[in-house]
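Here is the structure we will look at.
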Amino acid sequence: MILYTTLAIGGIGLICGSALALAARFLAVHEDPRVEELTAILPGVNCGGCGYAGCGDYAKAVVLDGIEITLCAPGGAETLANMAAFMGVEAESGEKQVAIVLCGGDSDQAPRQFQYNGVADCTAAHAVGGGDKKCRYGCLGYSSCARACPVGAIEITEKNLAVVHPELCISCGKCVRTCPRHLIKMVPESRHAHVMCSSKDKGPIVKKACKVGCIGCRICTKQVEDDAITMDGFLAIVNYDKPIESATVAPKCPGKCIVDTDPPPAPVEEEKVEAEV
Amino acid sequence: MKREPAKFKVNGGIHPAYNKQLTAEKAIIEMPVPSLLRVSMLQHLGAPAKVEVAKGDTVSRGQLIGEHGGFISVRVHAPTSGTVKAIAEAPTATGGSAIAVDIEPDGEDRWVEDITPHPDWESLEGKKLISLVSDAGIAGMGGAGFPTHVKLSPPPGKVIDTLIINGAECEPYLTADHRLMVERAEDIWNGIRIIRKILGCATVRVAIEDNKPDAIAAMEAVMAEDTGDSAVVILKTEYPQGAEKQQIFAALGKEVPSGGLPMDVGALVENVGTTLAIFEAVVKGLPLTERVTTVTGFPVKAPGNILARLGTSYADLLAFCEGLQGKAAKVVSGGPMMGFAQHSLDATTTKTTSGLLFLRPDQVRTFSSMPCISCGRCVQACPMYLMPAELSQMIEAEDIEAAEELNVLDCIECGCCAFECPAHRPLVQHMKQAKAGIMAKRREEKAKQKS
Amino acid sequence: MVEEQKAETPEPVLNVVSTSPHAHSGASVQRIMLDVVIALMPALAAAVWFFGWDALRLTLSCVIACVAIEALCRKAMGRDLGIGDLSAVVTGILLAFNLPPALPTWMAVVGCVFAVAIAKQLFGGIGYNPFNPALIGRVALLISFPVAMTKWSEWTIPSPIGIDALSTATPLGLAKTNVMSAGTLPYHFDGGTMLQLLMGDQNGCIGEVSALALFIGGAYMLWRKVISWHTPGCYLGTVAAFSCILWIVNPEKNLPPHFHLLAGGLMLGAIFMATDMVTSPVTRKGMMVFGVGCGVLTMVIRRWGGYPEGVSFAILLMNSITPLINRATAPRVFGHQRKNKEKAS
Amino acid sequence: MEYILIILGAVLVNNFVLTRFLGICPFLGVSKKLPTALGMCGAVVFVMTSASAVTWVVQNLVLEKLGIGYLQTIAFILVIASFVQLVDIAMKKFSPKLHAALGIFLPLITTNCAVLGVSVLNIQLEYGFLKAVIFGFAASLGFSLALIIFTGLREKIDRANPPKAFQGVAIALVTAGLLSLAFMGFASLVK
């Protein structure tokens with residue numbers, strides 16, 4: 001009896017097995033095994049921050065097309081090191097970059113110039129009459145960046161201003177590409193002094209549009225050494241590769257647009273994030 | 001009789017309240033030069049013109065102040081004589097901003113000296129005529145503002161055999177083109193003859209909606225003696241009969257292929273205002289420095305068809321029409337269906353400003369966030385036979401690829417869908433969003449390919 | 001997803017700015033629903049005439065229950081109330097119209113819970129529901145309480161022998177059981193029968209009996225352009241054609257087309273349920289396909305299925321393929337060649 | 001006529017997904033995009049039809065003969081697994097895109113209870129060989145019909161706005177329930 005059983009199952013197995021073996025032989029597909037292995041090394045969040053459709057696609061691009069291995073931001077230094085070891089190349093690690101919205105003009109500081117009626121999306125709002133905020137550079141607060149963020153690190157405050165929570169940011173850079181007003185920048189995580197304004201308008205115009213705008217007074221540039229803050233027309237720009245003593249610069253800004261983000265803004269409240277998503 | 005009814009008509013379309021009676025009977029009046037003219041360098045579609053004057057310069061009317069800024073660009077001329085007070089970025093009526101030249105008029109309104117009329121234009125070559133049009137800085141005056149000289153020079157291999165003159169003026173409220181046809185039919189006809197000569201095409205169709213019988217009669221009268229193949233095509237009154245592709249179909253029964261131009265079916269559409277500008281530029285040698293704008297709406301005290309210099313601020317235009325009676329909650333540059341809402345009256349007129357419309361608070365319908373109830377009215381109304389209901393839901397779910405597959409790029413943003421939508425969804429804005437998204441994606445891909 | 005006008009705008013004189021168009025037809029969802037409610041009034045009047053107090057009791061309790069459940073659901077989900085659009089009222093009336101007069105009120109309320117909470121609000125409310133809520137309510141009741149849902153009052157049937165008899169079955173139900181057991185039809189067809197059915201002197205759900213009243217409502221909706229002729233026209237036409245063929249093949253066992261058209265819930269289904277905007281196709285062609293599909297399925301279920309009446313199931317089944325119909329009947333975009341032409345050229 | 005009734009019965013009346021509730025996993029898993037769903041349908045039609053043929057042979061000519069009918073489940077799964085593997089290999093070769101889109105759900109056809117279900121039902125209902133194959137084919141058609149209908153609905157539902165707790169698979173299951181409610185209309189269409 002046991003013999004029958006074994007024979008029967010074994011026989012069926014044998015027939016099926018040989019059929020499969022034949023199929024595998026005639027229908028074989030050649031695949032670079034490294035693609036799969038590299039995909040396993042990647043974090044697998046499929047955020048698309050590297051510019052490819054998911055981790056698998058990026059791994060393919062690295063293995064087959066020789067694309068650089070530094071594009072995976074969420075993976076951080078660890079993934080980079082693993083990838084470098086796997087691909088046999090030198091890794092150069094940098095500091096973690098986090099996104100920051102360079103605008104401090106919330107609804108108390110920067111008034112609106114008309115009633116916008118339409119889709120609640122920054123790109124759409126920006127295209128209608130140039131955006132409803134009087135300041136044509138400021139954050140519109142229609143949460144396009146927050147929707148683009150794969151990890152919910154961007155909060156739209158009650159006063160219609162986008163704020164990045166650096167501790168949640170995975171440096172994918174999606175928000176940077178989404179913002180129609182190009183207000184979001186990637187900066188080293190350890191830096192705490194930022195010019196929270198992106199308005200290139202002249203002082204008087206800025207003053208009319210926002211209470212915390214950069215009026216181009218140049219005072220800050222004189223507080224720092226080695227061109228750590230430079231002027232782009234009427235806008236002060238922090239050069240993040242040069243050191244700044246944040247505590248000394250921030251209080252000197254007459255427009256109150258240089259802020260010291262140390263300590264960083266309070267962590268996101270759970271409920272708040274849910275409401276925005 | 002030089003008239004024929006339109007044999008074809010696209011499906012879809014809508015019948016809004018036209019309210020043309022406000023200004024249809026009002027003759028065009030010329031507005032005196034206001035105290036400041038702010039002439040934008042972006043009066044057209046394409047690259048802005050390059051400023052050719054400096055602050056403090058004295059200019060004469062018709063003097064070149066902006067040179068072509070690229071292949072698709074249009075020259076800009078001083079609309080009056082005076083002094084350049086400032087050259088600075090200023091908001092445009094379409095919501096963007098562009099460099100503008102502020103001119104303080106000296107009150108003399110003196111023309112530049114080198115004006116050469118060509119009453120003998122019939123002996124000139126097509127090329128010379130096109131250069132005259134180009135020199136005069138003419139852009140399509142129907143609304144889009146495409147440089148006319150570019151339109152008139154089809155690439156080699158393309159034959160244009162039919163010229164359609166767009167006198168449909170299907171936008172509600174607006175009557176500027178209507179009045180031009182009634183008052184200046186003879187000059188428009190001469191403009192048509194000039195274009196006909198440039199293109200070397202025989203067939204001319206003047207398309208007019210049947211709600212303008214006086215314009216039809218006027219155009220027919222001036223065309224009576226023409227021996228060529230020309231006729232007035234009488235369109236059924238329906239929005240958007242004035243849209244280029246729909247009009248070509250109505251007049252000729254030909255469908256412009258998706259992504260193509262009218263010249264792909266051998267047609268060219270010019271607005272009546274543009275045609276008149278061509279006449280002025282060639283026969284009288286005058287550059288384009290003024291246009292007729294319909295200032296209208298129920299809150300306006302004295303609505304009318306105003307011949308105003310380019311660069312006249314909307315506030316001055318309104319003041320000339322004796323201001324408002326009661327409240328206006330929405331100000332629109334252009335017509336109600338495709339015009340641009342304004343948040344202030346600071347913007348100034350350009351070559352494309354066909355109207356300035358003021359709406360009462362009770363006329364303003366705000367868009368809302370109601371979900372689509374799939375009534376299908378937008379599908380029936382769409383003159384491009386799209387499915388706005390489906391598209392807008394896809395776009396709301398940020399599925400731009402699906403929208404692209406359903407041909408959102410063919411949308412002409414005429415607004416029929418949003419007009420009909422009982423849920424008051426911002427359909428046109430959705431389409432614009434998707435189109436902008438697709439274009440951005442394509443640009444990105446192109447850049448990627450290059451690198 | 002749209003920013004409504006902000007109440008706390010800092011300056012009161014701000015203009016409204018939006019994309020074009022700046023004109024609107026004035027149509028609104030609320031107005032459409034109001035038109036449907038108005039169109040249902042003749043049928044309600046007929047229901048009250050034939051069933052008296054029960055009709056009023058069921059209609060009122062369903063309307064109140066639907067509106068209340070809708071409000072509760074919206075509140076529980078933390079969204080705007082959204083009962084102002086009157087869609088819950090329409091659902092309530094339609095559900096009540098699909099119930100037998102003797103149904104206990106609590107059962108009707110259970111049906112309302114199914115209709116509004118599960119079939120509609122779970123999906124996000126008006127516009128998102130894939131199935132007609134009222135029909136889901138009815139079918140859920142039919143399956144849960146088969147006895148109560150098929151308990152009818154008495155009515156006088158025109159009998160084949162010439163003597164009128166009393167029956168407690170619906171005309172279609174009677175026909176089905178008779179054909180199955182005796183192999184013959186229980187009716188005597190003359191002008192009087194037809195008039196009786198047209199006016200609504202028959203057994204059935206409270207809202208479906210009077211074809212004439214439903215027809216008046218349909219005409220009103222056509223005039224108000226709330227519905228187009230495509231769906232009901234194709235639905236009724238298909239049922240007529242299908243039943244006509246069956247009748248010609250075997251008049252002994254099949255009901256004549258006019259009987260199929262006037263008896264049961266066909267008129268109510270074709271005019272009010274199949275034309276529900278949310279769950280039917282958006283294209284004209286799609287509406288016609290939808291109507292034909294409903295007609296075929298109704299006749300298949302009526303003739304061969306286990307239920308005497310197939311309208312609810314037919315419409316629900318067609319609801320389920322509405323997205324596919326929309327996709328398949330997308331109009332040819334202006335300036336695009338037809339697909340097969342593209343291949344040919 | 002008998003065969004037509006079997007087909008109608010398996011497709012409409014006793015639809016495997018909507019009335020027997022078999023094969024729910026791929027039904028929910030690959031109903032997001034129509035092309036993928038169609039690919040799945042193809043795979044299932046192939047596997048179910050051929051599996052019902054082979055399992056019938058295995059049952060009636062091997063297991064029965066040897067008197068080891070209790071090995072039915074193991075033997076059947078063995079056969080089905082091989083077929084699925086075959087489809088997997090073939091699909092990787094001829095349509096890698098579809099292979100990637102189906103992902104885990106392709107090998108999971110193995111554990112698709114609809115396939116095993118149809119094989120077991122064939123034996124239970126004591127169908128002959130031809131009937132068994134037709135039943136298997138019809139059952140897979142029923143699965144395909146349900147999957148295609150559901151994919152259309154799914155595209156609408158994915159754009160719907162359910163409360164957070166019901167987003168995703170939850171609302172899809174509710175929809176499947178309502179769809180099966182609608183399919184009740186076919187009840188006793190075929191005895």
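This is a predicted model, so every value here is computed, not measured. FYI, side chains are in, hydrogens and waters are out, and symmetry mates aren't considered; it's all heavy atoms of this structure. Lettering follows sequence order; numbering is per chain, from 1.
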(request) Please examine the side chains of A/Gln115 and B/His343, heavy atoms only from C-beta on, and report whether any two atoms are closer than 4.5 Å. (result) no
(request) Decide yes or no for B/Gln429 and A/Val128: does some side-chain heavy atom of the first lie under 4.5 Å from some side-chain heavy atom of the second? (result) yes
(message) Less than 4.5 Å to any heavy atom of chain A: does that hold for the side chain of B/Ser97, its backbone, both, or neither?
(response) side chain
[atom1]/[X]: more than 12 non-hydrogen atoms of other groups inside 6.0 Å:
X	atom1	answer
A/Lys202	NZ	no
A/Arg181	CZ	yes
B/Lys435	NZ	yes

(request) Begin from the C-alpha positions of B/Gln433 and A/Thr123 and carry the test side-chain contact (heavy atoms from CB on, under 4.5 Å) through to its verdict. (result) CA-CA 8 Å; B/Gln433 235 181 314; A/Thr123 317; 5.5 Å; no
(request) In plain terms, say whether A/Arg136 and B/Glu89 are close enough for a salt bridge, that is, a side-chain N and a carboxylate O under 4.0 Å apart. (result) yes
(request) Answer yes or no: is there a donor N or O on one side and an acceptor on the other, between the side chain of A/Asn117 and the main chain of B/Phe367, under 3.5 Å? (result) yes
